[in-house]
Amino acid sequence: MPAIPQIDPTSGAAPEIQPDLPITSANITPAFDPNEVTVVYILGGPGSGKGTQSANLVRDYGFKHLSAGDLLREEQNREGSQYGDLIKSYIKDGLIVPMEVTVKLLENSMRTALDSKDKQSRFLIDGFPRKMDQAVFFEQSVCPSKCTIFLDAPEDVMLERLLERGKTSGRSDDNEESIKKRFKTFIETSMPVVDMFRQEGKVVSVSALGSIGEIYTKLVEELAKRGISPTK
Ligand code: C5P
Ligand code: MG
């Protein structure tokens with residue numbers, strides 16, 4: 001594993017990857033073997049129901065759930081974290097945190113799960129990758145993914161859900177101003193990642209309209225078409 005470039009803690013500037021050493025599969029070996037470790041991403045706009053459907057998938061498919069947003073919020077609140085302030089400001093503005101932080105948090109969590117007594121090796125990674133550089137860096141340095149679940153919902157529905165959630169979530173970004181910024185980031189920065197995986201034939205797309213149960217039924221059907229079946 002090459003040294004992870006560091007973020008400038010004062011300016012928050014993302015580190016440059018050594019320009020003379022382009023990231024290619026030729027010079028980086030993934031930390032985990034995709035034959036032994038399964039990675040499924042779940043993506044969708046803010047409020048599309050990623051967390052809710054992840055809970056169903058964890059229950060029935062034996063996945064370990066890793067939410068990139070939750071890991072970032074945990075790191076933001078961790079005493080002594082050098083990235084706390086940086087994460088806080090990115091989240092408030094709905095911007096994508098520099099990828100090294102998020103990828104490292106995910107890799108650490110995966111290693112902990114793999115080293116644990118029950119050796120969990122199926123991961124459902126929620127809300128990641130949200131930017132092309134995260135996708136490329138994770139796939140090449142941590143583990144190539146099996147597929148991406150995409151929950152498709154219109155903005156007006158997501159806005160309504162998030163404003164409702166904001167009444168009790170305590171999240172700094174569940175307010176109308178932050179939500180609008182998150183939608184913009186999603187369209188401009190995250191959708192190209194979904195489109196890239198779609199071109200590779202690796203996207204399981206499901207309409208995220210309707211009840212939680214209806215959406216989940218469709219999701220199970222689509223996963224079955226890909227040979228991904230419940231474990232219980
Ligand atoms: O997925 P969630 O809505 O919990 O993400 C909250 C925020 O965390 C995002 O708006 C973004 O600021 C940050 N984030 C990120 N990179 C990710 C996932 C989340 O920067 N892959
Ligand atoms: Mg979430």
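First listed ligand is number 1; within each ligand, the first listed atom is number 1.
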Whether the Glu139 and Ser145 side chains hold a donor-acceptor pair (N or O, under 3.5 Å, no angle test) is what I'd like checked.
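There is such a pair between these side chains.
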Side chains of Arg111 and Asn108: any donor to acceptor distance under 3.5 Å?
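The criterion, which ignores hydrogens and geometry beyond distance, is not satisfied for Arg111 and Asn108.
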message = Among His65, Gln53, Lys50, exactly one meets side chain to side chain donor-acceptor pair (under 3.5 Å) together with Asp126. Which residue is that?
response =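 Exactly one candidate clears the test, His65.
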Point to revise | Heavy-atom side-chain contact between Arg198 and Ser205 under 4.5 Å | key: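 Yes, close enough: below the 4.5 Å cut-off.
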Which heavy atom of Ser172 sits nearest a heavy atom of Ile91, and at what distance?
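Shortest heavy-atom separation between Ser172 and Ile91 comes out as OG-CG2, 4.1 Å.
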Counting only N and O atoms by type, is there a donor-acceptor contact under 3.5 Å from the side chain of Ser190 to the main-chain atoms of Arg130?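 The answer is yes, because a donor-acceptor pair under 3.5 Å joins these two groups.
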Polar-atom distance check: [X] versus ligand 1, any N or O pair below 3.5 Å?
X	answer
Lys50	no
Gly127	yes
Phe128	no
Thr102	no

Going by the atom numbers of ligand 1, which of them fall below 4.0 Å from some non-hydrogen atom of [X]?
X	result
Gly69	4 (O), 5 (O)
Leu95	11 (C), 12 (O), 20 (O)
Gln134	16 (N), 17 (C), 21 (N)

Between [X] and [Y], does at least one N-O distance fall below 4.0 Å, as a salt bridge requires?
X	Y	value
Arg73	Asp70	yes
Arg161	Glu164	no
Asp93	Lys184	no

Name the closest protein heavy atom to [atom], giving the residue it belongs to and the distance to 0.1 Å.
atom	result
atom 7 (C) of ligand 1	Ile91 CG1, 4.0 Å
atom 10 (O) of ligand 1	Arg130 NH2, 3.8 Å
atom 15 (C) of ligand 1	Leu72 CD1, 3.5 Å

* Asked: If you measure from atom 20 (O) of ligand 1 to every heavy atom of Asp126, Val103, Val97, Leu105, which option wins on shortest distance?
  ->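 Shortest heavy-atom distance from atom 20 (O) of ligand 1: Val97.
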- Message: Residue-level breakdown please: for Arg73 versus ligand 1, do any non-hydrogen atoms fall below 4.0 Å on the side chain, on the backbone, on both, or on neither?
- Response: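 The answer is the side chain of Arg73.
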- Message: Quick check on Met99 - does any of its heavy atoms sit under 4.0 Å from an atom of ligand 1?
- Response: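 No, that is not the case, since the closest heavy atom of the residue is not under 4.0 Å from the ligand.
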task: Would you check whether Arg171 reaches within less than 4.0 Å of ligand 1, judged by its heavy atoms?
output: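 Under 4.0 Å: yes for Arg171.
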